[in-house]
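Everything below concerns the one structure shown next.
Worth knowing before you read on, the calculation uses all heavy atoms, side chains too, and leaves out hydrogens, waters and symmetry mates. A, B, ... follow the sequence lines: proteins, then strands. Residue 1 opens every chain.
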Amino acid sequence: MSSLLEIDRLSRHFHGLRAVDEVSFGVNRGELVGLIGPNGAGKTTVFNCIAGTLAPTLGELRFDGARITGFAPERVAALGIARTFQNLRVFPDITVYDNVSVGAIGRAGVSFAGALLPFLERGRTRRIADSTSTALERFGLAAHAGTLAGNLSYGQKKLLEIARALALEPKLLLLDEPAAGLNGNETEALAVLVRDLRDAGLTILLVEHDMPMVMRVCDRIVVLDSGRLIADGAPAQVRADAAVRAAYLGDDS
Amino acid sequence: MFDSFVAGQLAIGASVGLTYALVAIGFTLIYRVLSAVNFAHGEVYTLGAFATLVAVTTLKAPPLAAVPLVIVVGLAAGLGIERVAFRPFRRFTDEASLKSRAVREATLLSSLALGIVGREAMDQVWHGQWLAIPQDKMLNQPVNLGGVMLSAGELAIAGLSLVLLVGLQWLLLRTRVGLEIRAVSSNLVGAQFSGIDINRVVLATFAVGSILGALAGMVVSLAYGSIQSSMGLTVVLKAFVAMVIGGLTSIPGAVVAGVLIGVAEGAASLWVASAWTEMVAYVLLIFTLIFFPRGLFRRRGA
Amino acid sequence: MNRPLPLGWLLAAVILVVVPAALWLFGSAYAARLAQLVLITALLAAALNLLIGTAGLLSLDTVVYYGFGAYLTAILSTNYGTTLPTEILAAAAAGALLGGLIGWPLVRLASIFFAVATMGLATIFHTTVLNWVDLTRGPMGYRGIPAFKLGEFTIDGWAGNYYVIAVVVLGGVWIVHRLTHSYYGNAMRAAREDEDCARAMGLSPHALKLQAYAVHASLMSVAGALYAHANNFLSPDNFVLLESGLTLTAVVVGGLGSLPGAFIGALVVVLVPELLRPLGNLRAFGFGMILFLSILFLPRGLWSEVSSLAFVRRHLFREGWLKR
């Protein structure tokens, strides 16, 4: 297996505070990797550095063999990394269909000329329409295509976010705490869904708080504590790791 | 090298700038509390000038005696604007709806519309003419300030502005109303939970801001002597620019930016024809925004 | 997406057939002038709708590009005897270029900062037009702008003028319609709603907003070119901040994001002040009141009322109660 994403001695400092300190790990093609750690461990910072929302202070990020350190979010997305947001970020005042189409648009691109003269870009338009409908079907949102996204239930909005990210047809999907705010049944359904996506061949990096879910679905787990990497291995291995136990017990709530 | 003409122009510019600052403070206060812009604020300034005119001509009062009338007019105008252009859009009092984009844009447009209506109504009443404060009531005695010639009115503008600014700081920092205004502008939900009546605070904010605006109109009309229904428009636009350059939420920022604009206009009048100086504030605005997209003085956490 | 627009054909029929017929039967030169003004205002409103309704940029700079196109056309046609296609292309290209240059730094600004900056632009423009007497003839105004010319042919009379304006305006509105009712429009709406999220989807909000701004500038500049000929006189007073407010009122009254609304809004802001004319100079007062009342009572604009009627009618047709 080759690495799709490589994180090499990544550091990010905030006013002298080392939020992330020389963290290195990789995500292999087709793998579902969990990134966990107690509050303030630096998970979200690592996530944002990959997504391009934050620029790393030091270190390097490589995606598909090419350097992406410090790339802007839109550039990262165009290379094939899609993300979801921790606190729901659907576009509330446009329809579910239009929301999902934005992901597809990000992939296929749109141009001013194409909007004016549709025959110039028939292929592109069809691709957008196809990946939008595919994503809608897959998440059972087709029935709500015409609804304003703001009127969906919380769980449906979560699905919508993932559908929109998948419409980008990414090589790597970054999920930022997808289970936050979901009840037991919904979390269960989400776990099945994430696993299905992985089984369909998608590479996924999952940042999550819900330990049982991470333990169950991930192929490999990376653990951060106070900005440093303390463990990287299979779920069983990580569960048995003394440093991990210490970190979680110390934090314990 | 000291050139008294140059210094004079700059000093006049600074005093004009202080009037922009007084008007800008009204904007800033309201923006801090509601995250909304009151476009009808310029009409309060104009009303202040007209109230002064009525006081010194019809009522034959000395200029200083116009102050209570101007305060009452400013107060009434501020409360009226709040009631007509802002209150109808404040059906819910949670933070999300109070500061939502829809409410912000609706109140921006409604106050803009109210401002136009108010200005045109005054235009009808006073037939759009330039009206003059009688010479003997004007503050136009020349004053020699170390070789720099200014008029008493210009000094009065500066003096009154400083008094009002100090008074405003006292009000905000030392009184209960001021405390409530500060509480609401920094944390609306928290303020509500501690039992502050939001509507009362909004009204107080409009009252304070509008009284400052009306007093600015009064002192300018006494200093320069001419009044017209659209006089508020120019000043309000520049005050608005001052507020934006100052960072939207910072009172000292608005004051510094107001004076900066005034001085820049004064300086520009030395080099270019006076017709072009009208542009100075806006050129300054656009350059400031290019380099400081959120203004010069942004309050932390705002 | 790409829904057919039967309404568009209806609109075109009204503008190209019904209105001219009515003008021919009952009209006067005055009514024809008003009809032309409504059309030009509708193009302005449609362009502003693209910027505010779709791209989410609240702007007060209508007069800048409107005036720019008008003066450009006045100067070209008076000094060089240019013809209509050249003028429209020149106004469109120069307007887009100017909009692109000005928009580059401006569209980055957050909402209220953007609105104030555009307000500043409007004032800078007015001051320039008023004082650059060599170019614009200053406060005396630009008189004697020749009529529309198409090749060797000079178009005069109200019908010719009306049709030139109607065709260009419909073309402009069609462009806005295409841009907003396409995936391109979706991308712009995404940039409007949540910039960070749009970027995470691979879109560049700055590029999209800049394009919207340049297109709006270009269309407004074309509207200005039409106005210069239709009115054959320009004065700096035509291009004060208040006139930007007029277009904004048309957009708000017609309904944000609604193109048929642009025509309805234009009709209201042009005709209502005319109706108030006998009462004195109440034009600004009139549209101030319209703006205020429509924000208070029609927060979604007039068109949402009309379109709900259309909705009911569609259902009646479907139920077979009324045969088409």
Side-chain angles (χ1 to χ4, degrees), chain B residues 31 35-37 39-40 84-85 88-89 101-102 104-121 123-124 127-128 230 233-234 237-238 240-241 243-245 247-248 272-295, chain C residues 52 56 58 60 102 104-128 130-133 138-139 192-193 240-242 244-246 248-249 251-252 256 279-297 299-300:
Chain B
Y31 190 87
S35 294
V37 177
F39 259 114
V84 176
F89 301 97
R101 182 178 180 149
R104 258 182 3 236
E105 290 185 351
T107 53
L108 188 150
L109 293 173
S110 67
S111 62
L112 179 73
L114 187 66
I116 294 171
V117 169
R119 189 160 66 242
E120 295 300 317
D123 201 59
Q124 295 297 316
H127 308 292
S230 64
L233 188 64
T234 336
L237 292 182
K238 286 185 189 149
F240 198 14
V241 168
M243 156 172 146
V244 169
I245 291 180
L248 276 184
V272 299
S274 67
W276 290 97
T277 56
E278 203 52 28
M279 276 172 58
V280 170
Y282 304 103
V283 174
L284 202 62
L285 166 78
I286 288 177
F287 278 100
T288 308
L289 287 181
I290 288 173
F291 296 107
F292 302 91
R294 307 183 75 80
Chain C
I52 301 182
L58 184 62
L60 288 164
I102 292 178
W104 180 263
L106 287 199
V107 296
R108 286 176 203 279
L109 301 175
S111 61
I112 189 75
F113 292 98
F114 178 81
V116 180
T118 57
M119 190 188 82
L121 280 180
T123 311
I124 291 174
F125 179 79
H126 181 246
T127 311
T128 309
L130 201 60
N131 294 299
W132 195 349
V133 178
R192 170 193 76 194
E193 300 246 318
V240 291
L241 191 58
L242 199 67
S244 292
L246 183 90
L248 188 62
T249 308
V251 171
V252 171
L256 269 183
L279 300 176
N281 185 17
L282 289 173
R283 184 161 165 271
F285 184 82
F287 84 72
M289 284 308 281
I290 298 171
L291 182 60
F292 184 70
L293 295 175
S294 68
I295 292 161
L296 205 53
F297 298 114
R300 301 179 67 86

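Interface residue L109(B): backbone and side-chain heavy atoms are both found under 4.5 Å from chain C. Contacts between F287(B) and chain C at a heavy-atom distance below 4.5 Å are absent for every atom of the residue. Only the side chain of L108(B) comes within contact range of chain C, with at least one heavy atom under 4.5 Å from a heavy atom of that chain. Of the atoms belonging to I124(C), heavy atoms from both backbone and side chain fall under 4.5 Å from chain B. Looking at L130(C), neither its backbone nor its side chain comes within 4.5 Å of chain B, counting heavy atoms on both sides. Within the 4.5 angstrom heavy-atom criterion, atoms from both the backbone and the side chain of A121(B) approach chain C. Looking at V283(B), both its backbone and its side chain come within 4.5 Å of chain C, counting heavy atoms on both sides. Contact annotation for L241(C): only side-chain heavy atoms (C-beta onward) come within less than 4.5 Å of a heavy atom of chain B. Using a 4.5 Å cut-off between heavy atoms, T249(C) makes no contact with chain B at all. The part of L248(C) that comes within reach of chain B is its side chain, from C-beta onward, which places non-hydrogen atoms under 4.5 angstrom from that chain.
F39(B) approaches S111(B) most closely through the heavy-atom pair N-OG, 2.9 Å. Summarising the geometry of R119(B) relative to S230(B), their closest heavy-atom pair is CD-CA, 3.9 Å, with the distance given to 0.1 Å. E120(B) and F285(C) make their closest contact through CG-N, 3.4 Å (heavy atoms, listed as atom of the first residue, atom of the second, distance).
Atoms CD1 and CG, from I102(C) and L106(C) in turn, are 7.0 Å apart once rounded to the nearest 0.5 Å. Remark: I245(B) CD1 to L284(B) CG distance equals 4.5 Å, nearest 0.5 Å. To the nearest 0.5 angstrom, L248(B) atom CG is 3.5 Å from F113(C) atom CZ. Rounded to the nearest 0.5 Å, atoms CZ (F114(C)) and CG (L289(B)) are 11.0 Å apart. Distance CH2/W276(B) to OG1/T127(C): 7.5 Å, rounded to 0.5 Å. Distance check, rounded to the nearest 0.5 Å: CD1 of I116(B) to CG of D123(B) gives 12.5 Å.
For the set I290(C), T128(C), N131(C), the entry with the most heavy-atom pairs within less than 4.5 Å of chain B is N131(C). When G120(C), A117(C), A115(C) are compared by the number of non-hydrogen pairs under 4.5 Å with chain B, G120(C) comes out ahead. Ranked by non-hydrogen atom pairs under 4.5 Å with chain C, the options L237(B), L114(B), V241(B) are led by L237(B).
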